[in-house]
Novice: 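What follows is a single structure, and I will ask about it in a moment.
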Number of protein chains: 2
Amino acid sequence: MVAAERAKRRSARASVWLEDKARRGGGARGGQPSGLDRDRIVATAVALLDAEGLAKFSMRRLAAELNVTAMSVYWYVDTKDDLLELALDTVFGETGVPATIPGDEEESTADWRDLLRELAVDYRAVLVRHPWVSPLAGTFLNIGPNYLEFSFAVQRVIRRTGLPLSEQTAAISAVFQFVYGFGTIEGHFIERCAAAGVSHDEYFSDAIAAVMQVPEISHVMERSKAIMEARGGDTVGEMFERDFSTALEIVIGGIEARVARVG
Amino acid sequence: MVAAERAKRRSARASVWLEDKARRGGGARGGQPSGLDRDRIVATAVALLDAEGLAKFSMRRLAAELNVTAMSVYWYVDTKDDLLELALDTVFGETGVPATIPGDEEESTADWRDLLRELAVDYRAVLVRHPWVSPLAGTFLNIGPNYLEFSFAVQRVIRRTGLPLSEQTAAISAVFQFVYGFGTIEGHFIERCAAAGVSHDEYFSDAIAAVMQVPEISHVMERSKAIMEARGGDTVGEMFERDFSTALEIVIGGIEARVARVG
DNA sequence: ACCTGAACACCGTTCAAGT
DNA sequence: ACCTGAACACCGTTCAAGT
């Protein structure tokens with residue numbers, strides 16, 4: 001395949017997952033001088049993204065980590081974006097979906113609320129563990145196998161709520177867009193603490209202190225002091241935890257109320 | 001002020017809004033050869049971000065638009081990130097907060113549900129109109145005047161729900177992280193359509209068709225056909241609209257149910 | 001089939017110099 | 001006080017060449 005052909009297909013394709021089969025398979029071919037293959041490239045990319053963040057991630061930096069030239073990587077992936085899409089789907093494999101969520105045909109006594117909590121917690125964990133996931137999940141088409149498995153699990157659980165079909169996609173949004181937003185903020189906060197080299201609590205109180213020094217802000221901030229204090233929890237971590245679980249219960253309660261009304 | 005000093009302060013600062021007063025004021029100084037000032041720079045940046053997206057935005061591109069050298073801009077802002085923070089806060093000024101949301105001291109007969117809907121709709125509109133806002137809002141500290149005004153308005157409205165103080169931050173999350181997630185996906189979708197040069201409906205059906213061609217995906221996709229069809233609305237726009245408003249009602253209903261239980 | 005080196009067209013930012 | 005030009009240390013990606 002000539003470079004020109006590849007370039008043409010690249011711009012037409014909406015996702016790596018739509019590339020043709022020949023390249024899709026990949027896997028270890030063995031016997032290469034450098035021992036390179038797609039799996040190893042993607043795994044290294046994930047490790048690097050976790051360690052140094054999306055902003056610092058580059059094809060050249062990745063190649064150095066793999067002890068090859070930058071251009072070697074391009075034999076296995078067409079573009080940086082394709083590679084990021086592969087990395088993105090990889091970490092969605094961390095959600096423990098198949099083990100816990102019953103399939104369509106299976107009978108199960110599990111309560112949909114518990115299943116939904118489980119999926120929400122899993123999703124949040126992915127976003128917090130890998131802060132680079134959020135901007136990518138918002139950008140790409142998201143049709144990798146792991147993401148699809150996750151999202152089909154979500155659909156199966158929502159089906160059990162008793163909501164009419166016409167409102168099920170909305171319920172999915174209410175739960176998982178909330179988790180996406182929450183996990184995004186939380187992940188970035190943690191990333192910032194790490195970058196600044198201070199603990200979560202330290203970073204938090206430093207930020208408050210800094211904001212309070214700006215006169216235009218501080219006087220209006222006084223009004224929201226009460227709400228911050230009543231939030232509960234001694235550490236930032238506990239605050240996040242309480243907010244997340246309470247908010248999740250609010251949304252679940254909203255679905256219940258909706259079912260009771262329309263069902 | 002020497003460059004070295006600036007560099008030092010830059011790395012210590014957590015946000016543009018914490019820079020010292022001398023620079024903060026800014027505004028039109030007049031009489032400069034190029035007529036440059038912070039407001040004009042930020043306004044041009046917003047226009048450029050809207051037109052070409054965050055990925056293509058660069059200091060050099062911006063400078064060209066302003067008919068100056070790239071380095072002229074650095075007289076008014078310390079870094080590209082600072083400029084992006086300023087642009088971010090600017091568009092939050094588009095939310096019509098002060099006109100509609102009553103202050104703390106004011107008596108108002110307005111229902112908190114209506115006020116909350118209004119704020120949610122405003123926030124979504126910002127995210128959809130400016131798809132570059134979402135990754136920035138997730139990254140920065142977000143303490144610009146317009147964002148703070150918006151977020152204090154949110155706090156005032158939530159206070160009227162009757163929820164206990166300890167659960168108000170969670171309720172804020174439930175509503176506005178959902179809107180953030182929803183607006184993010186929607187904004188990126190619209191951006192992608194524009195980039196591909198096709199209508200929303202065309203892009204949508206093309207994407208479905210492309211996904212269906214991958215055998216591993218298509219057979220499992222069949223199961224979610226029903227849910228997509230029952231969603232309602234003939235166009236993608238109508239689908240987004242229905243999902244958003246239904247999901248918002250679910251969350252509002254969740255807050256109501258919570259109030260009824262604990263209040 | 002796989003990998004490299006040089007090159008192109010970009011970045012953000014620094015620094016010393018101009019007016 | 002404001003603006004420029006040259007330079008540094010980077011990018012993603014192309015292309016022709018190597019083994």
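FYI, side chains are in, hydrogens and waters are out, and symmetry mates aren't considered; it's all heavy atoms of this structure.
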Novice: Specify the separation, in whole Å, of atom CD1 of Ile41(B) and atom P of dC3(D).
Specialist: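 My rounded result for the distance is 8 Å.
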Novice: For Arg60(B) and dA7(D), give me the distance from atom CZ to atom C1', rounded to whole Å.
Specialist: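 Atom-to-atom, Arg60(B) to dA7(D), this comes out as 10 Å.
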Novice: Between dT13(D), dC11(C), dG5(D), spot the one nearest the side chain of Tyr74(A), thanks.
Specialist: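 Out of dT13(D), dC11(C), dG5(D), the nucleotide with an atom closest to Tyr74(A)'s side chain is dT13(D).
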Novice: Between P on dC2(C) and CG on Asp78(A), what's the gap in Å once rounded to a whole number?
Specialist: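 After rounding, the reported distance stands at 14 Å.
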Novice: Answer yes or no: does a side-chain N or O of Ser58(B) lie under 4.0 Å from OP1 or OP2 of dC11(C)?
Specialist: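 Yes.
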Novice: Look at the rings of Phe92(A) and Tyr123(A) and say which category their plane angle falls in: under 30° parallel, 30 to 60° tilted, over 60° perpendicular.
Specialist: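 Geometry flag for Tyr123(A) against Phe92(A): tilted rings.
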Novice: Can Arg192(A) be said to sit on top of Tyr203(A)'s aromatic six-ring, NZ or CZ under 6.0 Å from centre and within 45° of the ring axis?
Specialist: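 Output no; distance or angle outside limits.
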Novice: Let's see if you can work this out: which of dT13(C), dC2(D), dG12(D) has an atom nearest to the side-chain heavy atoms of Tyr76(B)?
Specialist: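 The answer is dC2(D).
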Novice: Rounded at 0.5 Å granularity, tell me how far OH in Tyr147(B) sits from CD in Glu85(B).
Specialist: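 Going from the OH atom of Tyr147(B) to the CD atom of Glu85(B) covers 12.5 Å.
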Novice: Could you check how far CZ of Arg38(A) sits from P of dC2(C), rounded to whole Å?
Specialist: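 After rounding, the reported distance stands at 12 Å.
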Novice: Which atom names give the shortest non-hydrogen contact between Thr79(A) and Tyr74(A), and what distance separates them?
Specialist: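 Nearest heavy atoms, Thr79(A) then Tyr74(A): CA-CE2, 4.2 Å.
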Novice: Which part of the nucleic acid, if any, lies within contact of Ser72(B), taking any heavy atom under 4.0 Å across all strands shown: a base, the sugar-phosphate backbone alone, or nothing?
Specialist: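 Base, at least one base heavy atom under 4.0 Å.
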Novice: Taking the side chain of Leu36(A) as its heavy atoms from C-beta onward, which of dG12(D), dT13(C), dC3(C) lies nearest to it?
Specialist: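 Per side-chain heavy atoms of Leu36(A), the pick is dC3(C).
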Novice: Measure the distance from NZ on Lys80(B) to C1' on dC11(D) and round it to the nearest whole Å.
Specialist: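 About 12 Å, once rounded to whole Å.
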Novice: If you assign Lys56(A) and Met71(A) each to the DNA chain D nucleotide with the nearest heavy atom, which residue ends up on the more 5' nucleotide?
Specialist: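 By nearest-heavy-atom nucleotide position, the 5'-most residue is Lys56(A).
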Novice: Which whole number of Å gives the distance between the P atom of dA9(C) and that of dA9(D)?
Specialist: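 Each nucleotide's P atom is 22 Å from the other's.
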Novice: Closest approach of Leu18(B) and Arg13(B), non-hydrogen atoms and distance?
Specialist: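 Residues Leu18(B) and Arg13(B), closest heavy atoms: C-CD, 3.6 Å.
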Novice: Side chain of Trp75(A) only, heavy atoms from C-beta on: which candidate in dA7(D), dA1(D), dC2(C) is closest?
Specialist: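 From the listed options, dC2(C) comes nearest.
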Novice: Looking at dA7(D), which nucleotide sits across from it as a Watson-Crick or G-U wobble partner, both distances under 3.5 angstrom, or is there none?
Specialist: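 By the stated definition (distances under 3.5 Å), dT13(C) pairs with dA7(D).
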Novice: Counting only Watson-Crick pairs (N1-N3 plus N6-O4 or O6-N4) and G-U wobbles (N1-O2, O6-N3), all under 3.5 Å, who is the partner of dT19(D)?
Specialist: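 Its partner is dA1(C) (Watson-Crick or G-U wobble, both distances under 3.5 Å).
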Novice: Rounded to whole angstrom units, what separation is found between the CE atom of Met59(B) and the P atom of dT4(D)?
Specialist: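 Going from Met59(B) (CE) to dT4(D) (P), I get 14 Å.
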